[in-house]
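Notes for the one structure printed next.
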Amino acid sequence: DLMMRNPFSGFGLAPMVQPANRGMPSVLAVTAGALLLVAGCASSGATSGPTTSTGPIPSASAVSPMSAPPSVEPPTTPKPTPPPQPGDPTFDLVKESDLGNGEFKNEYRITWTEPEGAATDFQIYGVTSCLRESEKNQGTACITRGMKIPKGKLDLLATVPGDKRTTTVSWTVNEVPVGPYFGILIRARGPGGSSIFTIVDTDQVCWACTY
């Protein structure tokens, strides 16, 4: 074997000692150590940053949710109601005029009561037949409180402004003092509708009578 001179002897360096085996395992060992070092640095870097303590997490019940603002409903306008029915009616013959040929014109005054400002006007009707005419009702009123009046049995005699409490109506009769109407009714009207009728006057049932 040839003796090789140490190239570093002139520089005061110790000669390199070659391992008895080949150099590949040493390289692998160094590489593995480097990998471990990188892995160690990565692991160390993952945990070396500052940590922040979040403290206890409050429970859901401890957090007050924001409540929705209360809904405000617009004010409602009360629906108008019908005025009260007229009260305390009176019905009086105030004038009788002879028209000749056995005919007469009778004029009647009607009065009633009603709260001030309750009605816009009043309507006065004549009932054209005795609605309760029967033998069993002989001598009783043709019109009674609460009975239904067919529209076909009503004649409008007058419409009076709401601030009035009296008016006159008239019609023609013959020598037999029986008028064309068997009852007189009045009702009040307003923005909310009409009141029920008030009986101003009513004839009596005369079952056996002929006119």
Side-chain angles (χ1 to χ4, degrees), residues 72-211:
V72 178
E73 295 184 359
T76 57
T77 302
K79 185 178 179 180
T81 57
Q85 68 180 113
D88 304 321
T90 64
F91 182 74
D92 299 303
L93 178 63
V94 293
K95 187 177 181 180
E96 184 177 18
S97 303
D98 188 351
L99 303 178
N101 300 322
E103 291 184 334
F104 301 85
K105 180 181 179 179
N106 290 348
E107 184 175 328
Y108 298 87
R109 177 179 290 114
I110 302 172
T111 67
W112 62 91
T113 61
E114 181 81 6
E116 193 68 29
T120 56
D121 61 27
F122 301 93
Q123 291 180 317
I124 299 171
Y125 291 86
V127 183
T128 59
S129 65
C130 183
L131 300 179
R132 299 182 66 249
E133 187 173 13
S134 66
E135 185 175 2
K136 69 176 183 177
N137 291 330
Q138 173 66 25
T140 62
C142 288
I143 304 170
T144 58
R145 182 180 177 88
M147 72 183 304
K148 294 183 177 180
I149 311 295
K151 290 184 178 180
K153 300 294 184 180
L154 293 172
D155 282 351
L156 179 61
L157 303 178
T159 299
V160 185
D163 60 347
K164 303 297 183 181
R165 300 294 182 268
T166 182
T167 193
T168 58
V169 293
S170 61
W171 49 80
T172 301
V173 297
N174 54 27
E175 293 180 348
V176 179
V178 177
Y181 304 112
F182 294 82
I184 303 297
L185 307 176
I186 185 174
R187 69 180 179 183
R189 295 195 305 175
S194 300
S195 72
I196 63 175
F197 284 114
T198 295
I199 301 172
V200 176
D201 185 68
T202 179
D203 283 355
Q204 303 297 308
V205 175
C206 187
W207 174 249
C209 296
T210 57
Y211 307 109

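Scope of the values below: all heavy atoms of this structure, side chains included, with no hydrogens, waters or symmetry mates. What you see is a predicted model; the values in this text were computed from it and never measured.
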Cut-off 3.5 Å, no hydrogens considered: what does the side-chain donor-acceptor table look like for residues 180-189, sequence neighbours left out?
| residue | atom | partner | partner atom | Å |
| --- | --- | --- | --- | --- |
| Tyr181 | OH | Asp155 | OD2 | 3.3 |
| Arg187 | NE | Gln123 | OE1 | 3.0 |
| Arg187 | NH2 | Gln123 | OE1 | 3.0 |
| Arg187 | NH2 | Tyr125 | OH | 3.2 |
| Arg189 | NE | Asp121 | OD1 | 2.8 |
| Arg189 | NH2 | Asp121 | OD2 | 2.7 |

Are Ile149 and Ile143 close enough that some pair of their side-chain heavy atoms sits under 4.5 Å apart?
yes

With rounding to the nearest 0.5 angstrom, report the OG1 to CZ distance, Thr202 to Phe91.
10.5 Å

Would you say Thr198 and Gln85 are linked by a side-chain donor-acceptor pair, where the criterion is simply a distance under 3.5 Å?
yes

Under 4.5 Å between any side-chain heavy atoms of Phe122 and Pro86, yes or no?
yes

Is the number of heavy atoms from other residues, nucleotides or ligands under 6.0 Å of Asp98 CG greater than 12?
yes

About how many Å separate CG of Leu156 and CG of Leu154, when rounded to the nearest 0.5 Å?
9.0 Å

Is it true that a side-chain atom of Thr113 and a backbone atom of Gly87 form a donor plus acceptor pair closer than 3.5 Å?
yes

Search all heavy atoms of Gly193 against all heavy atoms of Pro83 and return the closest pair with its distance.
O-CD, 3.4 Å

Do Leu131 and Cys142 have side chains that approach each other closer than 4.5 Å (heavy atoms only, starting at C-beta)?
no

Can a side-chain donor-acceptor contact be found between Thr111 and Thr166 if the only test is distance below 3.5 angstrom?
no

Quick check for you: to the nearest 0.5 Å, what is the distance between Glu114 atom CD and Ser195 atom OG?
6.5 Å

Residues 135-147 vs side chain to side chain donor-acceptor pair (under 3.5 Å), sequence neighbours excluded, gives Arg132-Asn137, Arg132-Thr140, Ser134-Asn137

CZ of Arg165 to CH2 of Trp112, rounded to nearest 0.5 Å, is 8.0 Å

Cys130/Cys206 sulfur gamma separation below 2.5 Å:
no

Please tell me if the side chains of Ile110 and Thr90 come closer than 4.5 Å, counting only heavy atoms from C-beta onward.
no

Distance check, rounded to the nearest 0.5 Å: Asn106 atom CG versus Glu96 atom CD?
4.5 Å

Go through the steps for Thr172 and Leu99 under the test side chain to side chain contact (heavy atoms under 4.5 Å, CB included), then give the verdict.
CA-CA 9 Å; Thr172 301; Leu99 303 178; 4.0 Å; yes

Hey, does Trp171 have a side-chain heavy atom less than 4.5 Å from the side chain of Lys105?
no

Would you give the length of the straight line joining atom CZ of Arg109 to atom OG1 of Thr168, rounded to the nearest 0.5 angstrom?
7.5 Å

